[in-house]
Structure formats: structure tokens, C-alpha cells
Amino acid sequence: MITVFVLLKTTKEWLRLERAERNRIADSVLSTVLPDNSVTLRMFDAEAFTTKCTDVAMFQAEDMQAFYFAIERLRDSELITKPYFEMVEIIPTIENGFKAFEKSNISK
């Protein structure tokens with residue numbers, strides 16, 4: 001399982017939309033970006049705490065290819081192409097990777 005954090009920043013175009021329209025667009029896009037259960041998404045608000053990004057998307061996937069395909073679909077969507085959001089940074093991670101390393105024969 002991999003977890004990837006994507007730092008996002010909203011644009012003025014997104015903020016000018018009514019909240020109901022934002023929700024409609026996001027729901028529509030995310031249903032095509034995440035068409036099955038191979039990738040999950042959790043969203044976190046950050047705008048009150050940093051100026052680097054406004055949102056943090058946490059994707060979890062069984063493998064890198066599933067994540068990659070989801071990001072390709074996201075990049076093709078109106079959330080990015082309008083643009084309503086800008087991708088600031090992508091941070092791939094492995095949860096407790098050091099523990100797996102310590103259990104392996106490689107670490108000895």
C-alpha cells in the first residue's frame with residue numbers, strides 16, 4: 001500500500017464559484033478520477049495554517065500504477081485544466097517503511 005500526499009492550491013476561479021457548484025464539479029470529477037476502489041482519497045483543509053497550499057489530498061493505492069492512472073485522470077479533469085486547482089507538490093510515502101526495512105534481511 002502506498003500513500004501519496006498532493007498539495008493543492010485553489011485558484012480565484014474556484015473561489016468565485018458558488019459552493020453548490022464547487023460541490024457539483026468536485027463530485028462529478030472525483031467519480032471519474034476514482035472509478036473503482038483501487039485508489040481512495042481523503043481531503044484535508046490547510047488554508048488557515050499555511051500559504052503554501054490550501055488543501056492536502058491523501059491518496060492511498062495498492063500500487064503505483066493505480067495511483068498514476070488516477071493522477072492522469074485528475075490532470076485531464078476540469079479541476080486542473082480550468083484551472084480551479086494547482087498542484088503544488090506530490091509527496092509519495094510508504095507507511096512505516098522503516099519497519100519493513102528492519103524486518104528484511106537487507107537491513108542486516
Backbone of S28 reached by a side-chain donor or acceptor of S31 within 3.5 Å
yes
Could you tell me which non-hydrogen atom of A61 sits nearest to which non-hydrogen atom of A66, and how far apart they are?
CB-CB, 4.4 Å
CZ/F69 to CG/D36 distance, rounded to the nearest 0.5 angstrom?
11.5 Å
For I94, does the CD1 atom sit with more than 12 other heavy atoms under 6.0 Å from it, leaving out its own atoms?
no
R22 (side chain) donor-acceptor with L17 (main chain) under 3.5 angstrom
yes
Indicate yes or no: at least one non-hydrogen side-chain atom of F5 is less than 4.5 angstrom from one of T93.
yes
Salt-bridge present (E102, K99; N to O < 4.0 Å):
no
F44 CZ: over 12 foreign heavy atoms closer than 6.0 Å:
yes
L30/L41 under side-chain contact (heavy atoms from CB on, under 4.5 Å): CA gap, chis, key distance, verdict
CA-CA 9 Å; L30 293 179; L41 170 66; 3.7 Å; yes
Answer with yes or no whether the hydrophobic clustering places M43 together with V33; edges join I, L, V, M, F, W, Y residues whose side-chain heavy atoms lie under 4.5 Å apart.
yes
W14 vs F85 aromatic rings, parallel, tilted or perpendicular, using cut-offs 30° and 60°?
tilted
Do Q60 and V39 come within less than 4.5 Å of each other through their side chains, counting heavy atoms only?
no
Test side-chain contact (heavy atoms from CB on, under 4.5 Å) on E62 and M1; report intermediate values, then the result.
CA-CA 5 Å; E62 288 300 321; M1 172 79 66; 3.2 Å; yes
What's the spacing between M58 CE and T40 OG1 if we round to 0.5 Å?
6.5 Å
same_hphob_cluster(I25, I80) at 4.5 Å side-chain heavy-atom cutoff:
yes
Hydrophobic cluster membership, with links at side-chain heavy-atom distances under 4.5 Å among I/L/V/M/F/W/Y: are I71 and V56 in one?
no
How many angstroms lie between CD1 in I90 and CZ in F59, if you round to the nearest 0.5 Å?
8.5 Å
What's the verdict on salt bridge (Lys or Arg N to Asp or Glu O under 4.0 Å) for E72 and R75, showing C-alpha distance, side-chain angles and the deciding distance?
CA-CA 5 Å; E72 283 293 333; R75 287 180 192 263; 5.2 Å; no
To the nearest 0.5 Å, how far apart are OG1 in T10 and CG in D45?
10.0 Å
Heavy-atom check, side chain of L8 versus side chain of E86, under 4.5 Å:
no
Identify the heavy atoms of E47 and D55 that sit nearest to each other, and give their distance.
OE1-OD1, 4.2 Å
Would L34 and Y84 show up in the same hydrophobic cluster when neighbours are defined by side-chain heavy atoms closer than 4.5 Å?
yes
Check whether any side-chain heavy atom of R73 lies under 4.5 Å from a side-chain heavy atom of T32, and answer yes or no.
no
Establish, from distance only, whether the side-chain atoms of E95 and T3 form a donor-acceptor pair under 3.5 Å.
no
Under 3.5 Å, side chain of K9 to main-chain N/O of T51, donor-acceptor pair present?
yes
Return yes if some donor-acceptor pair links the side-chain N/O of T81 with the main-chain N/O of P83 below 3.5 Å, else return no.
no
Side-chain heavy-atom pair L79, L74 within 4.5 angstrom cut-off
yes
Side chain to side chain, L7 and M87, heavy atoms closer than 4.5 Å
no
